[in-house]
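Below is one structure; the comments refer to it alone.
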There are 2 protein chains.
Amino acid sequence: MVTMRDVAERAGVSIATVSFLLNDTKPVTPATRARIEEAMLELGYRRNMVARALASRRTRIIAMAYPALEHRFGMSTAEFFTAAAERARAKEYHLVLWPVGNDGVELRELLGQGLVDGVVLMEVQLADPRVEVLRETGTPFALIGRTAELGGLAHVDIDFDATVEAAVEHLYSLGHRELVLISGDLADPRFHDYGPWVRSEAAYRRVVAEYGLHIVVEPSSDSPRAGREAAERVLQHHPETTAILVMNEYATLGVVSALKRQGRDVPGDVSVLSLFMVPEVAALSDPELTYLRTPGHELGQLGIEALIRQLDGADPLPPQLVPATLSPGGTVGPPPR
Amino acid sequence: MVTMRDVAERAGVSIATVSFLLNDTKPVTPATRARIEEAMLELGYRRNMVARALASRRTRIIAMAYPALEHRFGMSTAEFFTAAAERARAKEYHLVLWPVGNDGVELRELLGQGLVDGVVLMEVQLADPRVEVLRETGTPFALIGRTAELGGLAHVDIDFDATVEAAVEHLYSLGHRELVLISGDLADPRFHDYGPWVRSEAAYRRVVAEYGLHIVVEPSSDSPRAGREAAERVLQHHPETTAILVMNEYATLGVVSALKRQGRDVPGDVSVLSLFMVPEVAALSDPELTYLRTPGHELGQLGIEALIRQLDGADPLPPQLVPATLSPGGTVGPPPR
DNA sequence: AGTCGCAGGTAAAGCGCTTAACTCCGAGGT
DNA sequence: ACCTCGGAGTTAAGCGCTTTACCTGCGACT
């Protein structure tokens, strides 16, 4: 392994000078800079991140903690992660994925090892024990999602209000008046506090009330089967429905196939609009789904950005709320007759 | 931060003793062990991984390198990764995901930093430049997949022969005689060397020839759209087909929906059998797919195991080939009449 | 009785880098 | 001519561990 000492010797300078050059922490004359750079090139020098981390007490590693047990690692999570990894790399950080439990125990375990400079927390709950752990240990962190009371916590999240408003407005303007929301299943104890479900359902109730429409909300967990069952309940109890909004992406696929099974034409008889989805999943349905695209890419990047600003001591990034944007597909049309 | 020195002082021993105890590298009397453990508990000591890594020249971090550009991070990849992460953690290693290019440039870049002890390589190609990079730099590594010539490389892979045999045998014994394989698209330059596609197609040609059946292979990339198009070509050019085997998981969804669009009953008129798939994707189709389950969990674990054995200097794990196993669903039945 | 081996412990030299604190020198101000 | 000050380097003290070499008893073997 070629070390800084080798480079310094070859360039005829002290190793401190090499370090200053590398980190750009002190000026260096063009002449010495050239000599050092040449030496590095000739020797094929690569700085050792571990030594650097020990000396500077910064590892330049960021962990993305996501609750493996409670949430499957699906396409949306993948999108968050890859966007975040990309941004991190651009800022010369590494991103590692940490599957942790929702209770914060594993998180505390991992933090103790001094391996990471900061944490991006995903799938945040309204009251999240993990936030407490991070606070206690003094770890810098940013949330993708929001707790209920966010005392100045760095966070980015979906703008649920704007998204739901856009969705309802879209359907309303097409002429739909009998809407149903297939929401998350808040009765499930693992999710009763899950931000996206709580917030989007609340937004829906508010918006639909403003439009003066009936409020019908049917719970469903995020699987095709659950979606099918929810759709069947809707057909049975609310046959007048002309448009269904669906919160969960995999449930949406079930909703569409249940409607087709029951002989309903989509979108001729019933329109289906998915509230938060990535294109890859939308393409899996036939016809391809009309949906509001989860801003996974943006949020992944912003989350990392918010964290890195703290780490680098820059101005904090103010909280960002990004709406999902409408992406046309083949499952929404005007109501029948 | 509480360091080993603090613990040693409190326990009245030297810091070397603490280290020996922690790493179990030298015997310690029960009495001192107790004193040290008490001190650690009282002080809430957690060993610093970075310092340890620097001193021991082992970071206990493993990277899983997967080609982000060429392969989307889908459900199968997620399964590999989570299984691997789980196993790694059990062995007190960390697993980080590295999206890298197929050419090996980024990989070399990252390896130089001395951040990882070893690499698990995913989506291996028959001739893979990344393998060269790993060899050159002397990094321990294991492959999930295989190169064409594997001179003693540690690897685990799907047993394509056994899987394809099982698939064809299953269909044959139900009475099917007119089969088609919708394979990967080897004409795509990014994939002409992609092991799973090459190997499964070769296996198919061999097996079907042994059964004395017609060999019909239709290429398709891995998307619902491509699958739909491939299925349409099959219906047009080979209307006598009674069963379709599909290589790619997302393409399978397209195949099923194209058949239904064309008024074919699945499995009444045509059976569809997916060759490599995870349950999550199979559930997205209606009816749920009959498929051979990709042994992602097993391979993820075995891949890590193979690597860690090298790192820990244990006996090498012999190459493992694991077949995909049949999982019944609603898309395979006897041929019509 | 002599000595060999080993269990149990210590001291100290790094691992490859960062970062004060310090030196040296020439330009500017007065 | 004197002092000051900032730019460009250097020296050296760590960062928190691992690990080698070394020391000391003590029981066992001859």
Side-chain angles (χ1 to χ4, degrees), chain A residues 1-37 39-40 43-61 92 94 111-117 311-313, chain B residues 1-37 39-40 43-61 92 94 111-117 311-313:
Chain A
M1 162 169 263
V2 25
T3 75
M4 238 168 75
R5 153 163 280 104
D6 303 328
V7 174
E9 256 167 35
R10 176 139 195 156
V13 298
S14 77
I15 95 171
T17 307
V18 178
S19 173
F20 291 140
L21 174 77
L22 242 31
N23 298 313
D24 199 23
T25 89
K26 246 194 159 186
V28 166
T29 47
T32 35
R33 144 166 283 133
R35 290 214 316 286
I36 296 176
E37 278 170 351
M40 293 199 299
L43 298 174
Y45 169 76
R46 339 228 57 187
R47 95 205 304 143
N48 181 322
M49 295 305 279
V50 176
R52 165 141 115 131
L54 180 59
S56 66
R57 254 137 302 180
R58 316 254 270 101
T59 63
R60 303 193 76 82
I61 300 180
E92 298 190 70
H94 284 277
L111 286 176
Q113 310 195 135
L115 255 183
V116 302
D117 289 348
L311 296 178
D312 292 354
Chain B
M1 163 170 263
V2 24
T3 77
M4 240 169 72
R5 153 163 279 104
D6 302 328
V7 174
E9 255 167 37
R10 176 138 195 157
V13 297
S14 77
I15 95 170
T17 307
V18 179
S19 173
F20 291 139
L21 173 75
L22 240 32
N23 298 313
D24 199 22
T25 93
K26 242 192 162 187
V28 166
T29 46
T32 35
R33 144 165 283 130
R35 289 216 314 288
I36 295 176
E37 278 171 351
M40 293 199 300
L43 298 174
Y45 170 76
R46 339 230 57 187
R47 112 223 271 154
N48 180 322
M49 294 306 279
V50 176
R52 165 143 115 130
L54 181 59
S56 67
R57 253 135 306 176
R58 317 253 270 101
T59 62
R60 301 193 78 82
I61 300 181
E92 298 192 70
H94 284 277
L111 286 176
Q113 310 194 132
L115 254 184
V116 302
D117 289 348
L311 296 179
D312 291 354

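Below, chains carry the letters A, B, ... as their sequence lines are ordered, and counting in each starts from 1.
Between D:dT18, C:dG16, C:dT18, one nucleotide has an atom nearer to the side chain of A:N23 than all others, and that is C:dT18. Comparing D:dG7, D:dT18, D:dC17 by their nearest atom to the side chain of B:Y45 picks out D:dC17. Distances from the side chain of A:F20 to the nucleotides D:dA8, D:dT10, C:dC15 place D:dT10 closest.
Interatomic distance, CG of A:N48 versus CG of B:L54, reported as 6.5 Å (0.5 Å rounding).
Separating the CG atom of A:N48 from the P atom of C:dG16 is a distance of 7 Å, rounded to the nearest angstrom. Straight-line distance from the CE atom of B:M4 to the P atom of D:dC15: 14 Å, rounded to whole Å. In this structure, B:R58 places its CZ atom 23 Å from P of D:dG16, rounding to the nearest Å. Atom pair B:M40:CE and D:dC17:P shows a separation of 11 Å (rounding to whole Å applied). Distance CG (B:L115) to P (C:dG16): 15 Å, rounded to an integer number of Å. Distance A:R57 CZ to D:dC17 P: 12 Å, rounded to the nearest Å. Between the CG atom of A:L54 and the C1' atom of D:dT18 there is a distance of 12 Å, rounded to whole Å. Counting to the nearest Å, the P atom of C:dT10 and the CG atom of B:L21 are 12 Å from each other.
Looking at heavy atoms from C-beta onward, A:Q113 lies in side-chain contact with B:H94 at the 4.5 angstrom threshold. Two residues are said to be in side-chain contact when any heavy atoms from C-beta on lie closer than 4.5 Å; A:R52 and A:N23 meet this criterion. Between B:V13 and B:V28, the closest side-chain pair of non-hydrogen atoms is not below 4.5 Å.
Across all strands shown, A:T25 has no heavy atoms under 4.0 Å from either base or sugar-phosphate atoms. Heavy atoms of B:R5 sit nowhere under 4.0 angstrom from any nucleic acid atom. Looking at heavy-atom distances under 4.0 Å, A:V50 makes no contact with the nucleic acid at all. The residue A:S19 sits close to a base: some heavy atom pair falls under 4.0 Å.
The side chain to side chain donor-acceptor pair (under 3.5 Å) test applied to A:S56 returns no partner, not counting sequence neighbours.
Near DNA chain C, meaning a heavy atom under 4.0 Å away, the residues from residues 6-18 of chain A are A:I15, A:A16.
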